[in-house]
Peer 1: 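If you scroll down you'll find the structure; I have some questions about it.
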Protein chains: 2
Amino acid sequence: MHLPASPAAIELPLLAPAPPERADAARNRQRILCTAERLFAERGVSCVSMDEIAAAAGVGKGTLFRRFGSRAALAMAVLSERESAFQEALIRGAPPLGPGAHPRDRLIAFGEGRLDFLVEHAEILAAAEIGPERFSSAPYEVSRLHLTLLLRQADPGCDAEYLTEALLAALGADFYVYVGLARELPLERLKAGWAELVRRLLPDPGADCVPGARLPAEEAGTAPAPAGA
Amino acid sequence: MHLPASPAAIELPLLAPAPPERADAARNRQRILCTAERLFAERGVSCVSMDEIAAAAGVGKGTLFRRFGSRAALAMAVLSERESAFQEALIRGAPPLGPGAHPRDRLIAFGEGRLDFLVEHAEILAAAEIGPERFSSAPYEVSRLHLTLLLRQADPGCDAEYLTEALLAALGADFYVYVGLARELPLERLKAGWAELVRRLLPDPGADCVPGARLPAEEAGTAPAPAGA
DNA sequence: GTCGGATATCGGACCGTGGTCCGCTTACTG
DNA sequence: CAGTAAGCGGACCACGGTCCGATATCCGAC
């Protein structure tokens with residue numbers, strides 16, 4: 001869907017130092033991912049064991065864990081393409097979400113987009129976001145960096161690191177599974193709540209009380225780390 | 001420490017419909033809790049298995065699970081006394097935390113108190129707050145109710161339910177384990193961040209823009225559900 | 001007071017699952 | 001075509017959680 005293997009594509013050697021993957025390994029990896037996604041969709045994520053995925057994909061359990069490390073990491077890998085697309089929209093997309101809009105509005109758009117993503121993939125995401133390494137996963141790191149930059153731009157005086165973590169906690173999978181699914185708050189209410197939260201948190205763009213926030217660098221630098229990790 | 005079995009004590013039949021606990025059961029329960037707490041402290045929560053706790057307490061594994069249901073529930077039970085004390089302070093304590101202060105200040109005090117609690121018991125709490133039933137646990141329910149009331153008092157126009165969940169997410173055990181322990185943000189910074197977050201979220205008590213917020217009922221109603229559940 | 005039965009409790013054998021290990025196999029390299 | 005290292009796979013382990021026969025406790029009857 002993105003970053004195809006087209007040989008004419010621009011090389012980013014610093015970001016792609018991992019060409020050596022044996023052919024059979026690549027084949028198995030792809031088969032595992034497809035099989036896992038299919039089983040997840042057919043029977044529900046929590047009703048599919050790693051043994052079943054391995055058997056259905058025609059590989060040994062050891063292979064499964066060698067390639068993905070854990071159940072959570074496998075779920076993350078299943079979503080990695082879509083996750084990358086979302087990141088792409090953040091960094092190079094159209095203005096409400098992508099660069100160009102005021103940081104506060106981008107922050108609101110980020111949360112709303114994330115909520116859409118949660119609705120779509122809640123089950124798999126909930127499986128992906130367990131264990132302590134969930135905070136070190138590539139998508140989480142990207143989101144954190146993004147939020148921190150936006151917060152700093154919108155209000156250089158705030159504790160951007162703390163606020164980043166606090167806000168991300170309200171966009172996590174288990175948060176949505178509980179608030180959105182168990183308590184059945186409708187998506188629109190969650191989006192409205194998020195927008196209001198951000199609006200209260202950050203100064204109004206109309207009032208020019210933060211003159212230094214004129215989008216200094218716009219974070220166009222390097223591409224995000226590919227989701228393969 | 002609380003609700004002793006003194007026969008002369010005032011009876012609250014609606015809240016204590018569970019007197020029938022066999023003598024040996026009570027003895028075992030106490031022994032299990034003490035043993036678990038000791039083992040947790042000695043070797044770290046994550047290095048103690050349920051089998052070990054059962055063996056050290058001199059009971060069978062079945063007893064352990066019959067009484068507590070799950071590892072998370074056992075951890076919760078270990079903390080229940082301290083948790084009850086905190087709830088007590090919320091409902092009947094001195095004004096910054098207890099009733100009497102402005103809701104916004106109580107909310108700030110609540111978060112700071114909760115952070116202290118997290119610092120003290122991070123490991124056990126992290127074990128207690130796993131699984132989907134963590135949101136239905138008695139302490140969580142009490143916190144939620146408390147926050148929702150305070151938010152409604154401080155600003156009747158806000159979406160108190162959404163904000164409650166969003167704020168509680170920033171006071172959860174895994175949040176602290178990551179932000180406070182892994183990223184090593186000092187406690188004082190977390191407290192300051194929380195206070196600033198609440199301050200930005202809610203209108204200033206000085207400005208009387210919320211005339212209806214004069215602490216209408218002060219939630220003195222019934223005692224909280226005892227932690228035994 | 002003690003006896004007997006209904007019933008809650010006990011405890012360890014048992015299961016499924018996530019995760020690890022290590023000898024065998026298979027694909028790349030010169 | 002041989003060497004080599006990466007990949008592979010299934011036996012193995014530890015742990016959380018379940019089940020059911022054996023056992024102890026309580027309560028009413030005598």
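Convention: sequence-line order gives letters A, B, ...; per-chain numbering from 1.
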Peer 1: Determine the contact category for A:Thr63: base if any of its heavy atoms lies under 4.0 Å from a base atom, sugar-phosphate if only primed atoms, P, OP1 or OP2 are that close, otherwise nothing.
Peer 2: base
Peer 1: What is the separation between atom CG on A:Leu74 and atom P on C:dT17, rounded to the nearest whole Å?
Peer 2: 16 Å
Peer 1: Taking the side chain from A:Arg183 and the backbone from A:Tyr178, do they hold a donor-acceptor pair closer than 3.5 Å?
Peer 2: no
Peer 1: Could you say whether A:Arg27 or B:Ala25 is positioned toward the 5' end of DNA chain C, judged by the nucleotide with the nearest heavy atom to each?
Peer 2: B:Ala25
Peer 1: When the distance from CE of B:Met50 to P of D:dT18 is rounded to whole Å, what number comes out?
Peer 2: 10 Å
Peer 1: Tell me, yes or no, whether the heavy-atom count around B:Glu184 atom CD, taken from other residues, nucleotides or ligands under 6.0 Å, exceeds 12.
Peer 2: no
Peer 1: Between atom NZ in B:Lys61 and atom C1' in C:dG16, what is the gap in whole Å?
Peer 2: 12 Å
Peer 1: To the nearest Å, give me how far apart CZ (B:Arg67) and P (C:dG11) are.
Peer 2: 12 Å
Peer 1: Do side-chain atoms of B:Glu165 reach the backbone of B:Tyr162 as a donor and acceptor pair under 3.5 angstrom?
Peer 2: no
Peer 1: For the side chain of B:Arg106 and the backbone of B:Leu90, is there at least one donor-acceptor N/O pair under 3.5 Å apart?
Peer 2: yes
Peer 1: Over 60° means perpendicular and under 30° means parallel, so tell me whether B:Phe110 and B:His146 are parallel, tilted or perpendicular.
Peer 2: tilted
Peer 1: Looking at D:dG16, C:dT17, D:dC8, which one has an atom nearest to any side-chain atom of A:Asp51?
Peer 2: C:dT17
Peer 1: Between A:Phe65 and B:Gly58, just flag the one whose closest nucleotide in DNA chain C comes earlier from the 5' side.
Peer 2: B:Gly58
Peer 1: Rounding to an integer number of Å, can you tell me how far A:Ile53 CD1 sits from D:dG9 C1'?
Peer 2: 16 Å
Peer 1: If you check every side-chain atom of B:Arg66, which of C:dT9, D:dC8, C:dG12 has the closest atom?
Peer 2: C:dT9
Peer 1: Using whole Å, report how far CZ of B:Arg71 lies from C1' of D:dG17.
Peer 2: 13 Å
Peer 1: Can you figure out which of C:dT17, C:dG11, D:dG17 approaches the side chain of B:Ser70 most closely?
Peer 2: D:dG17
Peer 1: Check whether any side-chain nitrogen or oxygen of A:Asn28 sits under 4.0 Å from OP1 or OP2 of D:dG7, and answer yes or no.
Peer 2: no
Peer 1: Atom CD of B:Glu52 and atom C1' of D:dG16: how far apart are they, to the nearest Å?
Peer 2: 13 Å
Peer 1: When the C1' atoms of the five terminal pairs at each end define the local axes, what inter-axis angle does the helix from C:dG1-D:dC30 to C:dG30-D:dC1 show, to 10 degrees?
Peer 2: 10°
Peer 1: For the side chain of A:Glu52 and the backbone of A:Ser49, is there at least one donor-acceptor N/O pair under 3.5 Å apart?
Peer 2: yes
Peer 1: Quick check: does any side chain N or O of B:Glu123 sit under 3.5 Å from a backbone N or O of B:Val45, one acting as donor and the other as acceptor?
Peer 2: yes
Peer 1: Output the rounded distance in Å from CZ (A:Arg31) to C1' (D:dC8).
Peer 2: 12 Å
